[in-house]
Amino acid sequence: MKSYFPILILLFISINSILFGQTQSNYTYFQNDTFKLQMDVFSSEDADNVLKPVVIFAHGGGFSKGNRQAGYGFCSYMAKHGYIACTIDYSLYMKNGSFSCDGITSEKIKAIQIAANDICLATSFLLSKSEELKIDTCNIFISGSRAGAEASLHAAYMSPVKYSLNNLKLPQNFKYGGVIAGAGALRY
């Protein structure tokens, strides 16, 4: 039987945009020769020129599955309430492994570090687009569900140098405005 889920998601987004005056844009926030990461940005269509806070959402999926579409409902809701909301893809390092209790601990830690780095890459991209997108750079929040929550917590509270896998450089005194973590934890 054919799946109608992607069609329903597009229909939901279209109806939501019409009812709540939202825009949705797609950006590639990282790309190399073989790999690219994308984000979808939701914002309200208001005429004022006020800078807005941003929330970045990372999906769940045990670092092995899932995609940015899982954040559409959350991002639409946040945009409706005055935020610029971004849902991101991130590296699924555990795609061929196990993040469960029987998984290899060092591989789990690496998966978290890579995903946290991807969140920081998305943040760096948004900072570079702050004028175009009208972003309040002092109010950038990160959020996630399950694996995305773990990655968000690590991106916010662990040393950024530890996660600098791509010579990533966030501004020296940069700090996230906060973290919304649904079922995540920090690992040391």
Tell me, yes or no, whether the heavy-atom count around Glu131 atom CD, taken from other residues, nucleotides or ligands under 6.0 Å, exceeds 12.
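12 or below, so no.
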
[atom2] on [Y] to [atom1] on [X], rounded to 0.5 Å:
{"X": "Gln22", "Y": "Met78", "atom1": "CD", "atom2": "CE", "value": "11.5 Å"}
{"X": "Gln69", "Y": "Asp40", "atom1": "CD", "atom2": "CG", "value": "6.5 Å"}
{"X": "Ile84", "Y": "Thr23", "atom1": "CD1", "atom2": "OG1", "value": "9.0 Å"}
{"X": "Ile112", "Y": "Met158", "atom1": "CD1", "atom2": "CE", "value": "9.5 Å"}
{"X": "Ser44", "Y": "Lys80", "atom1": "OG", "atom2": "NZ", "value": "12.0 Å"}

The test is side-chain hydrogen bond (donor to acceptor under 3.5 Å, both in side chains); show your working for Gln113 and Tyr93 and say whether it passes.
CA-CA 10 Å; Gln113 290 172 336; Tyr93 180 77; over 6 Å; no

Nearest heavy-atom pair of [X] and [Y]: which atoms, and what distance?
{"X": "Ala116", "Y": "Ala151", "value": "CB-O, 3.6 Å"}
{"X": "His59", "Y": "Ala70", "value": "CB-CB, 3.9 Å"}
{"X": "Glu150", "Y": "His154", "value": "O-ND1, 2.8 Å"}

Could you tell me which residues satisfy side-chain contact (heavy atoms from CB on, under 4.5 Å) with [X], sequence neighbours excluded, listed by chain and number?
{"X": "Ser91", "result": "Phe35, Leu37, Ile114, Asp118"}
{"X": "Gln38", "result": "Asn26, Thr28, Lys36, Arg68, Asp89"}
{"X": "Lys134", "result": "Asn49, Leu51"}
{"X": "Asp33", "result": "none"}

Begin from the C-alpha positions of Ile119 and Asn117 and carry the test side chain to side chain contact (heavy atoms under 4.5 Å, CB included) through to its verdict.
CA-CA 5 Å; Ile119 290 171; Asn117 181 74; over 6 Å; no

So do Pro53 and Ile140 actually touch side chain to side chain, heavy atoms under 4.5 Å?
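No, their side chains stay 4.5 Å or more apart.
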
Does the side chain of Val54 reach to within under 4.5 Å of the side chain of Thr123, using non-hydrogen atoms?
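No, too far: nothing below the 4.5 Å cut-off.
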
Set of residues satisfying ring pair (Phe, Tyr, Trp, His ring centres under 6.0 Å) with respect to Tyr176, sequence neighbours excluded:
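If we apply the ring pair (Phe, Tyr, Trp, His ring centres under 6.0 Å) test to Tyr176, skipping adjacent residues, the hits are Phe174.
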
If Ile, Leu, Val, Met, Phe, Trp and Tyr residues are connected whenever their side-chain heavy atoms lie under 4.5 Å apart, and connections chain through other members, are Tyr77 and Val55 in the same group?
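Tyr77 and Val55: one cluster.
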
Establish whether Met94 and Ile104 are linked, either directly or via other cluster members, by ILVMFWY side-chain heavy-atom contacts under 4.5 Å.
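No: no chain of side-chain contacts under 4.5 Å links Met94 to Ile104.
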
Step by step, work out the ring-ring contact (aromatic ring centres under 6.0 Å, His included) result for Phe125 and Phe30.
CA-CA 8 Å; Phe125 174 83; Phe30 174 79; over 10 Å; no

Check whether any side-chain N or O of Ser124 sits under 3.5 Å from a backbone N or O of Cys120 as a donor-acceptor pair, and report yes or no.
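No; judged by distance alone, with no hydrogens or angles, the pair does not exist.
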
Does any N or O in the side chain of Ser152 come within less than 3.5 Å of the main-chain N or O of Ser143, such that one atom is a donor and the other an acceptor?
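Yes, the answer is positive, given that a donor and an acceptor are paired below the 3.5 Å cut-off.
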
Counterpart residues, salt bridge (charged side-chain N to carboxylate O under 4.0 Å, His left out), relative to Glu132 (two or more places apart):
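Partners of Glu132 by the salt bridge (charged side-chain N to carboxylate O under 4.0 Å, His left out) criterion, ordered by chain and then number, come out as Lys129.
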
Using the side-chain contact (heavy atoms from CB on, under 4.5 Å) rule, pick out the option among Leu126, Thr87, Ile56 that qualifies with Met39.
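Testing Met39 for a side-chain contact (heavy atoms from CB on, under 4.5 Å) against Leu126, Thr87, Ile56 leaves exactly one candidate, Leu126.
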
Could you walk me through whether Thr137 and Ser130 pass the side-chain hydrogen bond (donor to acceptor under 3.5 Å, both in side chains) test, one step at a time?
CA-CA 7 Å; Thr137 59; Ser130 62; 5.8 Å; no

Could you walk me through whether Leu92 and Phe63 satisfy the side chain to side chain contact (heavy atoms under 4.5 Å, CB included) test, starting with their C-alpha distance in whole Å, then the side-chain angles of each, then the deciding distance to 0.1 Å, before giving a yes or no?
CA-CA 5 Å; Leu92 300 176; Phe63 303 100; 5.6 Å; no

Phe57 and ring-ring contact (aromatic ring centres under 6.0 Å, His included): which partner among Tyr83, Phe141, Phe74, Tyr90?
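Only one option passes, and that is Phe74.
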
